[in-house]
Chemist: 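Sharing a structure here in structure tokens format.
This one's a predicted model, so the numbers in the text were calculated from it and none came from an experiment.
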Amino acid sequence: MSAAKPPKKRTGTNINTQLVYALDYLKSTSNPMRIQDIAIVTNTPLDTDTVLLEKFKSHDRVQHDPKTGLYSYRHDFNFRDKATLLTEIQRQTRRGGGISVRILKEPWKEAPQAIEELEKEGEVLVTRTVKDGQLRMVFWNEIKPDEESGGKQVEKEFLDLWHQLKVPNDVDLLKALTSEGLQATASEAPAPKAPSNTKKKGKRSAPRQRQVRITNTHLKEEIDLSRDYHATGN
């Protein structure tokens with residue numbers, strides 16, 4: 001496969017920057033390519049710089065076919081048709097999660113269209129962005145009506161009638177219950193206790209006895225300094 005020469009663009013002189021350009025382009029294409037074509041399209045010396053080429057070959061996302069000499073990008077998923085896509089979605093859902101549509105689009109550009117077809121067939125469930133309604137996540141629809149379970153799709157007439165039903169407001173609902181002899185029940189949350197600023201009253205502890213330090217040791221033999229003396233009247 002030969003690639004048309006694109007307009008010249010700056011890819012930088014740093015070897016890691018050039019590697020990123022080469023990997024990004026390989027990721028964006030679904031067809032295996034020659035190393036010379038990747039170098040031309042990305043405007044990098046991938047086919048002449050041995051250090052850059054070795055970094056490119058040893059990258060965990062790069063696959064090389066030694067028989068053809070072609071290089072391709074190793075995606076998280078590898079499929080090219082709707083049946084295989086559904087198998088991948090089923091496998092991921094069984095593990096407990098869905099798959100980002102953006103990731104599924106990387107190996108197969110037609111994945112979003114196939115997912116929309118699977119959604120119409122009732123095989124998958126999807127979530128969409130609120131702003132523009134674009135596909136976001138996809139899940140396998142494990143529970144769906146089929147001949148074995150005897151389930152049938154609800155007719156659109158009944159679905160429309162169901163969505164037209166309006167929930168009455170609180171006043172009308174209470175009136176309807178009263179007219180039927182019923183009484184509304186309400187769960188009562190325990191009233192929060194007001195914070196108390198009063199301290200718990202308890203027994204006052206006895207005042208600590210301060211130890212008297214005797215400094216006038218020369219009077220110790222004549223006067224008992226540990227006792228209080230009161231002046232006596234004349």
Chemist: What are the two closest non-hydrogen atoms of H64 and G69, and how far apart are they?
Modeler: NE2-CA, 3.7 Å
Chemist: Please name all residues satisfying salt bridge (charged side-chain N to carboxylate O under 4.0 Å, His left out) with R74, sequence neighbours left out, ordered by chain then number.
Modeler: none
Chemist: Locate the shortest heavy-atom distance separating A39 from D47; write the atom from each residue and the value.
Modeler: CB-OD1, 3.6 Å
Chemist: Closest approach of A111 and L104, non-hydrogen atoms and distance?
Modeler: CB-O, 3.5 Å
Chemist: Test: salt bridge (Lys or Arg N to Asp or Glu O under 4.0 Å). Region: residues 89-98. Which pairs qualify, not counting sequence neighbours?
Modeler: E88-R91
Chemist: Quick one: list whatever passes side chain to side chain donor-acceptor pair (under 3.5 Å) with T84, sequence neighbours left out.
Modeler: D81
Chemist: Considering residues at least two apart in sequence or located in another chain, which fulfil the salt bridge (charged side-chain N to carboxylate O under 4.0 Å, His left out) criterion with R136?
Modeler: none
Chemist: Restricting to pairs with a member in residues 73-94, which pass ring-ring contact (aromatic ring centres under 6.0 Å, His included), not counting sequence neighbours?
Modeler: Y73-H75
Chemist: Looking at T93 and W140, would you say the former's side chain and the latter's main chain have a donor-acceptor pair under 3.5 Å?
Modeler: yes
Chemist: Would you tell me whether E110 and W108 have side-chain atoms, one donor and one acceptor, within less than 3.5 Å of each other?
Modeler: yes
Chemist: Give the minimum heavy-atom separation between P32 and L70, together with the two atoms involved.
Modeler: CB-CB, 3.7 Å
Chemist: Can you name the one residue among I115, N141, L118 that meets side chain to side chain contact (heavy atoms under 4.5 Å, CB included) with V126?
Modeler: I115
Chemist: Look at atom CZ of R102 and say whether more than 12 heavy atoms of other residues, nucleotides or ligands are closer to it than 6.0 Å.
Modeler: no
Chemist: With a sphere of 6.0 Å drawn around NZ of K120, does it hold more than 12 non-hydrogen atoms of other residues, nucleotides or ligands?
Modeler: no
Chemist: Do other residues, nucleotides or ligands put more than 12 heavy atoms under 6.0 Å from the CD atom of E180?
Modeler: no
Chemist: Taking side chain to side chain donor-acceptor pair (under 3.5 Å) as the cut-off, I'd like each qualifying pair that reaches into residues 48-59, sequence neighbours left out, listed once.
Modeler: none
Chemist: Between D37 and R34, is there a side-chain N and carboxylate O pair less than 4.0 Å apart?
Modeler: yes
Chemist: Got a donor-acceptor contact below 3.5 angstrom from the T127 side chain to the M137 backbone?
Modeler: yes
Chemist: Do any N or O atoms from the side chain of T129 and from the backbone of Q134 form a donor-acceptor pair under 3.5 angstrom?
Modeler: yes
Chemist: Apply salt bridge (Lys or Arg N to Asp or Glu O under 4.0 Å) to the pair K82 and E121, showing each step before the final yes or no.
Modeler: CA-CA 12 Å; K82 189 167 71 172; E121 297 168 4; 3.0 Å; yes
Chemist: Would you check if the side chain of T87 reaches a backbone N or O of A83 as a donor-acceptor pair within less than 3.5 Å?
Modeler: yes
